[in-house]
Amino acid sequence: MHALNDAWAAVNAFMASGGPVLLLIAGLTFFMWTLIFERFFYFKGSLKRDVQGAVDTWEARPERKSWGAHQIRYALVSRVSEKIQSNMDMIQTCVALAPLFGLLGTVWGMINVFEVLAITGGGDAKQMASGVSMATIPTMAGMVTALSGVFANTYITRTAERETQLLEDHLTMDH
Amino acid sequence: MKTSIAKRVLAVAAAGLISVSAVAQDKASSLDQLLKMVQSSKIAESAEHKKREADFRRQKANQASLLKQAENTRASEEARSAALEKKYEEQELLVQQKRQQLDERLGSLKELFGHLTSTAGDLRANLQTSLVSAQYPGRAEFLDQLIDKMNSATKLPTIAEIERLWYELQRETVESGKVVKFNGTVILPDGEQTEQEVVRVGNFNLVSNGKYLEMNDSQKMAELIRQPDGKYQGMASDLQAATSGFTPFGIDPTGPTGGSYLKAMIASPSLVERWHQGGIVGYIITGVGVVALLLAIWRLIVLSGVNAKVNSQLRSSTPNTNNPLGRVLSVAEENKGVDGETLELKMEEAVLKERPAIESGLNLLKIIAMVAPLLGLLGTVTGMIITFQAITIFGAGDPKAMAGGISSALVTTVLGLCVAIPTVLLHTIVNGRAKRILHILDEQSAGIVAENAERK
C-alpha cells in the first residue's frame, strides 16, 4: 500500500511538472491504446466468427459462378473487411496527433519560460526551470506515445491486410 | 488723507487771498506812509524772531538732556551684555563639562543605544511591509518616536520604551509563525470599506471571504483587484472555514518582503489576454478554426442522417430514393432485364453521381487541418520579426521588452496547434462516416442487388 502511494505521488509530481498538456497526452495515449487493444482482441476473438460466418454463407450457396455470385462474394468480403478496418483510421490519427500534442506542450512551456523572463528579467533560473520542464516533458511523452503507437499500428495494419487476404482465399470460386 | 491735504491747500490759498486783500486795503497813500509801514512791520518781525530764538534755545537744552539719558542707557546695556557674555562662556564650559560627564557615565551604554537605534530602524523597515501590522496598527509610530528620542542628544529612552521594543520584536517573530483570524477594515475593489473577518497566514498572506488581500501603501488592507486562480481562492475560503488540523493553502513565499511573487502571478495575462497577444494572425487562425468546427459539425450531422437512412435501407428490400444506397439500388430496379456487366456500369455511374455530395467539405477540412499549424508558424515568424525590430531600436539590453514579443509570437503557434488538433480528429471522424457510406455504395451495392434478385 505504501509503495502504491509512493508511486501515485511520483505520477502526480510528473504530471504537475509536465503541465496541463501532459494530461491531454495521457488521455490521447489511453484512448489510442484502448482502440489498439480492442483491435487485438477482435483479431484474436470475434474475427474468427465473422470469417466463419462469411465462409458458411458462401459455402451454402447452390452456385458460385454467375455474375450475381461474384458480386455477393465481393459484398461478403467488403462487409468483413469493414469490420476488420474499423477504428484503424482513428488509431493512425492518434499516432499522428501525439507529436502535435508534444509540440503544443513545448510551446506552452516556452510561453511560461518567457513569462517568467518578462517578470523577473531572467534573474530567476529556478522559476524558469519549471517552464522548461513543462516544455520538454510533453515533447518526450508525445514522442513515446507516437513511437509505441507506430509499432502497434504497423502490426495491426499488417494483420488486417493478411486477414482480408485469407478471407478472400477462403471464399473459393468453383471454376 | 487726500481730502485732508486738499482741505489744507484750500485753507492756505484762502489765507493768502485774505492777506493780499489786507495789503491791498493798507495801500500806502504816500511814500512816507510806506516808509512807516515798512518800519513797523520790521519791528514786528524782529519781535517774532526773538521769540522763536528763545524757543529754540529752550529746546536745545532739552535735547542735550535727552542725549545724556540715551548715552546712559547705552552704557548700562553694554555692561549687561558683557556680563551675559561672561556668563555664557562660563555656562558653555559647564555644558562641556556636563557632556563629558554624561559620556563618561554612559560609557558602554552608548554602544547599547547605538544598537537599539539600529534595531529599531530595522524593525521599522520590516514593519512597513509586515502583514502583522494589519492586525496591530500603530506600531510604526511608537518606533518613530523611539528613534527620534535616541537620535536627540538631550533625551534618553526609558526602560519601559526599551522593553516595548523588545516586546515588539518578539511579537513580530511570534506572530509571523501563526495563522490567526481577526476583524479588520478591508477596502474592496469598488472603493467601499467594510469591516470583515480576515485570516492572516503568518507573515505571508492575508485572505478574507476567499479573496486574497494586500497591504497598500497607506498600511490598509485592500482586496486585490485581480485574484489568483480559482483553485487558490477555494483554498483560501477552506482555510477561513477550518478550525483545526491541516488545510492546504497557496502561500506567497515573498510575503515578508512585500509579496512581489503574488503580484507577478496576478500580473501574468489571462487566457483571453493571451489570445489577444496573437494579433491579426491569431484572429485569422481563430476564424479558420471556427469555420472548420462549424463545417465539421454540419458534415457530421448530415452524414449521420445519411448513415441512418443507409442502415435502414440495408434492412429493407425495396429501394427508397431518400438515400444514396436506395438511389443506386433503384437504378438496378429500373434496369431489370439488363445483363450483369451493363448493370454494373450503370450502377457505377450512379455511385459516381452520389460521391460529391457525400465527400463535400472533407477536403476543406483536411486543408484547414494542414494550414492551421502553418498559419501558427507564420504568426511566430512575424512575431520574431517584430521582436528583432525592437532589438534594433532598443538594443538587446532589456530582456523584458524582447520576452513580451517572443511570448506573443509563441501564442500563434499554440493557436495553430489548438485549431489543427481538433480539426484532424474531427476530419477523421467525419471521413470515417463518409468512407463507410462510400464503401457500401462501391463494394456492396451490386452484391445487394444480386441478393435481392436471388431472394425473389
Side-chain angles (χ1 to χ4, degrees), chain A residues 21 24-25 28 31 57 61-63 66-83 85-94 96-124 127-128 131 135, chain B residues 260-261 263-265 267-269 274 277 314 339-341 343-344 347 369 373 376 380 398-418 420-422 424-429 431-432 435-436 439-440 442-454:
Chain A
V21 180
L24 287 176
I25 295 177
L28 180 82
F31 179 62
T57 320
R61 286 183 59 78
E63 60 87 26
S66 65
W67 175 83
H70 274 258
Q71 294 307 328
I72 285 169
R73 177 178 172 273
Y74 198 43
L76 279 175
V77 172
S78 165
R79 271 170 208 152
V80 176
S81 88
E82 196 184 298
K83 280 188 180 169
Q85 293 284 337
S86 75
N87 288 341
M88 300 273 281
D89 279 351
M90 195 46 101
I91 293 170
Q92 257 164 11
T93 307
C94 288
L97 279 183
L100 276 186
F101 271 107
L103 184 58
L104 184 65
T106 307
V107 184
W108 191 259
M110 291 309 281
I111 288 179
N112 274 352
V113 169
F114 281 112
E115 200 171 278
V116 171
L117 207 63
I119 291 168
T120 65
D124 199 341
Q127 279 189 39
M128 274 160 70
Chain B
S260 55
Y261 184 71
K263 275 174 198 153
M265 229 179 97
S268 70
R274 286 248 170 91
Q277 277 182 352
L314 279 175
D339 67 309
E341 306 290 317
L343 184 61
E344 209 177 329
M347 283 172 73
T380 306
D398 189 3
K400 290 184 186 183
M402 281 159 61
I406 294 167
S407 76
S408 71
L410 290 174
V411 165
T412 54
T413 312
V414 170
L415 278 175
L417 288 171
C418 283
I421 290 170
V424 168
L425 269 178
L426 284 169
H427 176 259
T428 310
I429 294 168
N431 197 35
K435 249 172 118 176
R436 180 175 177 270
H439 202 79
I440 291 170
D442 270 343
E443 298 177 0
Q444 294 172 28
S445 54
I448 293 165
V449 169
E451 275 169 1
N452 285 347
E454 275 178 15

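Every chain is numbered from 1 and lettered A, B, ... according to where its sequence line falls, protein lines coming before strand lines. Since the structure is predicted, the reported quantities are computational estimates derived from the model, not experimental observations.
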Please classify the contact between B:V449 and chain A as side chain, backbone, both or neither, with a heavy-atom cut-off of under 4.5 Å. neither
Between the CG atom in B:L425 and the CG atom in A:L97, the distance rounded to the nearest 0.5 Å is 5.0 Å
Between B:T428 and A:Q92, is there a side-chain heavy-atom distance shorter than 4.5 Å? no
Using the salt bridge (charged side-chain N to carboxylate O under 4.0 Å, His left out) criterion, which residues pair with A:R73? Sequence neighbours excluded. none
Of the non-hydrogen atoms in A:I72 and B:G447, which two are nearest, and what is the gap between them? CG1-O, 3.6 Å
Interatomic distance, CG@A:L104 vs CG@B:L415, rounded to 0.5 Å, equals 10.0 Å
Name the member of A:G68, A:S78, A:A75, A:A69 that forms the most heavy-atom pairs with chain B at distances under 4.5 Å. A:S78
Distance from B:L343 atom CG to A:Q71 atom CD, nearest 0.5 Å? 8.5 Å
Considering all heavy atoms of both residues, which atom of A:Y74 and which atom of B:E443 are nearest to each other, and what is their separation? CD2-O, 3.5 Å
Measure the shortest side-chain to side-chain distance between A:S86 and B:R436 over non-hydrogen atoms and say whether it is less than 4.5 angstrom. no
Those residues at least two apart in sequence (or on a different chain) that pass side-chain contact (heavy atoms from CB on, under 4.5 Å) with A:T57 are A:L76
Does A:T93 reach the side chain of B:H427, with side-chain heavy atoms less than 4.5 Å apart? no
Are B:L417 and A:F101 packed together at the side-chain level, in the sense that at least one heavy-atom pair is separated by less than 4.5 angstrom? no
Go through it in stages, so that I can follow the logic: the residues are B:E451 and A:R79, the test is salt bridge (Lys or Arg N to Asp or Glu O under 4.0 Å), and I'd like the CA-CA distance, side-chain angles, deciding distance and then a yes or no. CA-CA 14 Å; B:E451 275 169 1; A:R79 271 170 208 152; 3.6 Å; yes
